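As structure tokens, the structure follows; a few thoughts come after it.
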Amino acid sequence: MILFLLLSVLAITHSEPDDVIIQILYKPKECKDVGKHGDVMHVQYLGRFYESRKTFDSSYRRNNVPFYYTLGVGGVIEGYQIGTKEMCINERRRLIVPSKYAYGDRGTANIPGYSTLMFDVHLVQINDSPPDYPVPLELPMEVTAVGERTCETPVEIGDLVEISYIGSLPDGTVYDDGTKNSLKFIVGSGQIMKGIEEGVVGFCLGGKVELEIPPAKAYRDNWEGPVPQWSFVYYNVTITSHMSRDQIEDGGDELACKNVHVPENCATSYKIQLGDYVDLSYQVLDKEKVQLGEGNIRYPVGRKIMVPGWDLAIKGSCAGQEQSCWIPKSLAHKIGTSLFLAFPEKGFYTVLKVNDILLTQNNEDSIDLIGREFESFVKNEIVTKTVIDMIPQHSEL
């Protein structure tokens with residue numbers, strides 16, 4: 001009886017495909033050579049658990065040296081043999097392998113029994129043919145997006161969204177963690193990576209999206225950070241807020257911004273965080289679009305110097321970016337004495353241009369520079385001593 005219940009629980013809690021599922025992520029227009037029985041296959045691969053997406057093995061972790069095996073002869077799990085038959089050089093496939101074609105009920109030292117596995121495989125060489133790596137310029141262009149698409153108002157081009165995210169390399173290494181500092185942008189504006197913008201379209205507020213982004217929609221060959229040239233990148237994205245294009249036009253109770261100008265290199269440039277010291281040009285208009293004031297200001301973001309709506313609007317922006325924003329009443333109130341103009345007590349429109357990011361929050365010189373700027377403001381009677389005393393050193397909005 002106990003055994004029967006145990007087997008019943010296993011049957012209920014574990015569900016996996018009956019056969020190996022093959023998804024073709026990219027296939028060259030001309031298939032120069034195809035893997036056949038007895039061929040030596042040289043592949044780059046990323047092995048992950050299907051349910052958790054956690055990496056358990058990868059050729060990329062071994063100095064990008066391809067793994068090789070003989071097709072149809074053994075040496076790898078059966079699901080691998082099935083999934084790479086008739087594969088072209090430079091073709092990329094995703095294999096979803098049920099446990100019966102992998103490691104069964106016994107598992108291995110780092111793979112539990114009954115595990116469904118997922119492999120992203122890139123065939124780079126067959127037998128002694130010239131290796132087709134580094135990756136040639138002929139690359140897949142489509143972003144692969146996986147997630148729920150069940151809501152009445154999905155994200156569209158022109159909408160304002162905010163996301164939290166984790167970006168990782170093909171070997172599973174996390175290189176971009178946006179779980180603590182969310183990112184807000186207009187979809188299709190060019191403010192962030194093109195693959196992320198395309199990937200969130202059609203998904204919903206609160207939705208979780210898994211993105212596989214090809215090099216053409218990521219960094220191509222011009223990235224000097226941790227991402228290798230011509231590399232795929234992977235993002236787990238959660239849509240934390242969403243405002244439609246119509247809502248942005250109507251103003252309302254939510255902060256909403258539209259990009260006026262975004263520099264070409266903005267997607268790969270440093271983005272403003274709370275605590276950074278910036279040089280900002282601004283215009284302020286009332287709800288009827290009558291100009292109330294304009295000017296230029298240098299100040300530390302997120303330290304309660306200016307209205308909270310300004311800080312939230314430029315957070316995540318790059319140097320040179322210009323936005324037109326609606327600041328709602330809840331984010332338009334002044335804290336202490338206003339620095340440069342009497343902000344309206346109601347919501348207002350503003351045009352903000354980030355001229356420069358002078359110092360980042362991690363720069364030890366920023367506190368000294370901020371202090372010198374404050375002294376200058378005081379001498380010119382632009383701010384009162386009361387305002388300076390109110391500024392917490394590391395206060396967030």
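Keep in mind that this is a model prediction, so the values were computed, not measured.
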State yes or no: are the ring centers of Trp310 and Tyr282 separated by less than 6.0 Å?
yes
Taking the side chain as every heavy atom from C-beta outward, state whether [X] and [Y] have any atom pair closer than 4.5 Å.
X	Y	answer
Ile239	Cys204	no
Lys271	Cys266	yes
Tyr101	Leu117	no
His37	Leu71	no

Taking [X] for its side chain and [Y] for its backbone only, find out whether a donor-acceptor pair lies under 3.5 Å.
X	Y	answer
Lys315	Leu183	no
Ser241	Val161	no
Asp159	Glu156	yes
Thr70	Val73	no
Lys100	Asp18	yes
Gln81	Gly72	yes
Thr350	Gln283	yes
Thr173	Leu169	no
Gln321	Cys318	yes

Contacts of type salt bridge (Lys or Arg N to Asp or Glu O under 4.0 Å), residue [X], not counting sequence neighbours:
X	answer
Asp279	Arg298
Asp39	Lys36
Arg93	Glu91
Glu210	Arg53

For [X], check side chain to side chain donor-acceptor pair (under 3.5 Å) against everything at least two apart and list the hits.
X	value
Ser281	Asn296, Asn355
Thr240	none
Tyr69	Thr84
Thr179	Asp177

Nearest-0.5 Å distance that lies between atom [atom1] in [X] and atom [atom2] in [Y]:
X	Y	atom1	atom2	answer
Cys88	Asn90	SG	CG	9.5 Å
Ile89	Leu123	CD1	CG	6.0 Å
His122	Ser59	NE2	OG	10.5 Å

Tyr234 six-ring face occupied by Arg48 cation (under 6.0 Å, within 45°)
yes
Just to verify, what does Phe119 make a ring-ring contact (aromatic ring centres under 6.0 Å, His included) with, not counting sequence neighbours?
Phe56, Tyr80
Give me the other members of the hydrophobic cluster that Ile21 sits in, counting Ile, Leu, Val, Met, Phe, Trp and Tyr linked by side-chain heavy atoms under 4.5 Å, directly or via other members.
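In the cluster with Ile21 are Tyr50, Ile96, Met118.
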Side chain to side chain contact (heavy atoms under 4.5 Å, CB included) involving Lys54 - partner list, sequence neighbours excluded:
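Checked Lys54 against side chain to side chain contact (heavy atoms under 4.5 Å, CB included); matches are Phe49, Ser52.
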Run the side chain to side chain donor-acceptor pair (under 3.5 Å) check on Ser317 and Gln323 step by step: do they pass?
CA-CA 9 Å; Ser317 300; Gln323 302 178 83; 3.1 Å; yes
Might you point out which heavy atoms bring Met41 and Gly35 nearest each other, and give the distance in Å?
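Taking every non-hydrogen atom into account, SD-CA, 3.8 Å.
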Please, which pairs that meet salt bridge (Lys or Arg N to Asp or Glu O under 4.0 Å) have at least one residue in residues 75-88, sequence neighbours excluded?
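Sorted pair list comes back empty.
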Using the side chain to side chain contact (heavy atoms under 4.5 Å, CB included) rule, take Ile163 and Thr238 through it: C-alpha gap first, then chi angles, then the decisive distance, then the call.
CA-CA 5 Å; Ile163 62 172; Thr238 301; over 6 Å; no
